[in-house]
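Data first, discussion second: the structure below is written as structure tokens.
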Amino acid sequence: QVQLVESGGGLVQAGSSLRLSCVASGRTSRTYAVTWFRQAPGKEREFVATIRFSNDQTYYDDSVKCRFTASRDSAKNTVYLQMDNLRHEETAVYYCAELVDGQVPDYRQNGGYDYWGEGTQVTDAS
């Protein structure tokens, strides 16, 4: 079974940047995509960004376009999320999730993903 571990979260001032990492370990099957979600207290988990492994194509929620960048390093089994100009309302637990079975009805929804990390906390220090 694949295990995903997120890291890189912490206390950060609004307007600053963080780079999150999602490292996969264990035996892996064909990965279709890795997606970042976040969940703020009292709110539903929401889509942030995704990267397709076949061609490294990325898609972003409108709220983070031009500020966040998803990327990957296959040699390190790692997917990254570079977050620039963070906003106060983006305080949340950030999760990565892996899809191995290919297409799902809606990749923006958290259902249907095969593996999840336990999350890393990003908190506004302002």
Side-chain angles (χ1 to χ4, degrees):
Q1 183 174 324
V2 173
Q3 184 176 65
L4 304 178
V5 179
E6 303 95 335
S7 63
L11 196 65
V12 60
Q13 189 171 15
S16 297
S17 299
L18 281 176
R19 191 186 194 190
L20 306 182
S21 298
C22 173
V23 180
S25 62
R27 288 179 174 267
T28 60
S29 57
R30 180 180 176 87
T31 301
Y32 185 80
V34 168
T35 301
W36 290 94
F37 294 89
R38 65 189 176 193
Q39 187 167 24
K43 296 191 176 182
E44 295 183 356
R45 193 167 299 181
E46 64 179 7
F47 168 79
V48 178
T50 192
I51 180 167
R52 299 186 186 276
F53 277 34
S54 61
N55 58 3
D56 288 344
Q57 181 67 52
T58 56
Y59 301 90
Y60 302 92
D61 185 79
D62 287 344
S63 67
V64 306
K65 284 182 178 178
C66 302
R67 296 188 299 114
F68 289 13
T69 304
S71 62
R72 61 187 281 252
D73 186 337
S74 60
K76 297 181 178 180
N77 300 123
T78 302
V79 172
Y80 302 99
L81 183 67
Q82 176 68 40
M83 306 187 295
D84 295 327
N85 193 22
L86 281 161
R87 301 168 178 171
H88 174 265
E89 62 267 25
E90 291 172 324
T91 292
V93 177
Y94 284 71
Y95 300 89
C96 63
E98 182 177 349
L99 182 67
V100 300
D101 293 332
Q103 294 288 105
V104 292
D106 186 358
Y107 66 85
R108 299 176 60 94
Q109 299 297 122
N110 61 183
Y113 282 83
D114 299 284
Y115 301 103
W116 287 84
E118 294 187 354
T120 184
Q121 177 72 47
V122 174
T123 303
D124 176 28
S126 299

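Residue indices begin at 1 and follow the sequence shown.
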For residues Glu6 and Leu20, determine if any side-chain heavy atom of one lies less than 4.5 Å from a side-chain heavy atom of the other.
-> no

Here the gap from Arg67 atom CZ to Arg87 atom CZ, rounded to the nearest 0.5 Å, amounts to 3.5 Å

Hits for side chain to side chain contact (heavy atoms under 4.5 Å, CB included) against Asp124, two or more places apart or cross-chain, chain-then-number order -> Ala14, His88, Thr91, Ser126

One should read off an interatomic distance between Leu18 CG and Thr123 OG1, to the nearest 0.5 angstrom, of 9.5 Å

What I'd like to find out is whether the side chain of Val104 reaches to under 4.5 Å of the side chain of Tyr32, using heavy atoms alone.
no

message = Looking at Glu44, I'd like to know if its CD atom is crowded, meaning that more than 12 non-hydrogen atoms belonging to other residues, nucleotides or ligands lie closer than 6.0 Å.
response = no

Interatomic distance, CG@Asp56 vs OG@Ser74, rounded to 0.5 Å, equals 8.0 Å

The reported gap from CG in Leu81 to CZ in Arg72 (rounded to nearest 0.5 angstrom) is 15.5 Å

One should read off an interatomic distance between Arg30 CZ and Phe53 CZ, to the nearest 0.5 angstrom, of 11.0 Å

Applied to residues 106-122, the salt bridge (charged side-chain N to carboxylate O under 4.0 Å, His left out) test, sequence neighbours excluded, yields Asp61-Arg108

Determine yes or no for a side-chain-to-main-chain donor-acceptor pair under 3.5 angstrom, with Gln13 supplying the side chain and Ala125 the backbone. no

### Query
Do the non-hydrogen side-chain atoms of Glu90 and Val122 ever get within less than 4.5 Å of each other?
no

Next on the checklist: With heavy-atom distances below 4.5 Å as the criterion, would you say the side chains of Trp36 and Met83 are in contact?
Outcome noted: no

query = In terms of hydrophobic clustering (I, L, V, M, F, W, Y; side-chain heavy atoms under 4.5 Å; direct or indirect links), are Tyr59 and Val34 co-clustered?
reply = no

Would you check if there is a donor-acceptor pair between the side chains of Tyr95 and Arg38 at a distance under 3.5 Å?
no

| query | Side chain of Gln82, backbone of Thr69: donor and acceptor closer than 3.5 Å? | reply | no

**Prompt:** Do Thr35 and Tyr113 have side-chain N/O donor and acceptor atoms under 3.5 Å apart?
**Reply:** yes

TODO: Flag the pair Thr50 / Leu99 as yes when at least one side-chain heavy-atom distance between them is below 4.5 Å, and no otherwise.
DONE: no

What one should report as the nearest heavy-atom pair of Tyr115 and Leu4 is O-CD1, 3.6 Å

Point to revise | 4.5 Å side-chain heavy-atom contact, Leu86 and Phe68 | key: yes

All heavy atoms of Thr78 vs all of Ser21, minimum pair found to be CG2-CB, 4.1 Å

To the nearest 0.5 Å, atom CZ of Phe47 lies from atom OH of Tyr60 at 9.0 Å

Original post:
Quick one: are Val2 and Glu98 in side-chain contact, heavy atoms under 4.5 Å?
Top reply: yes

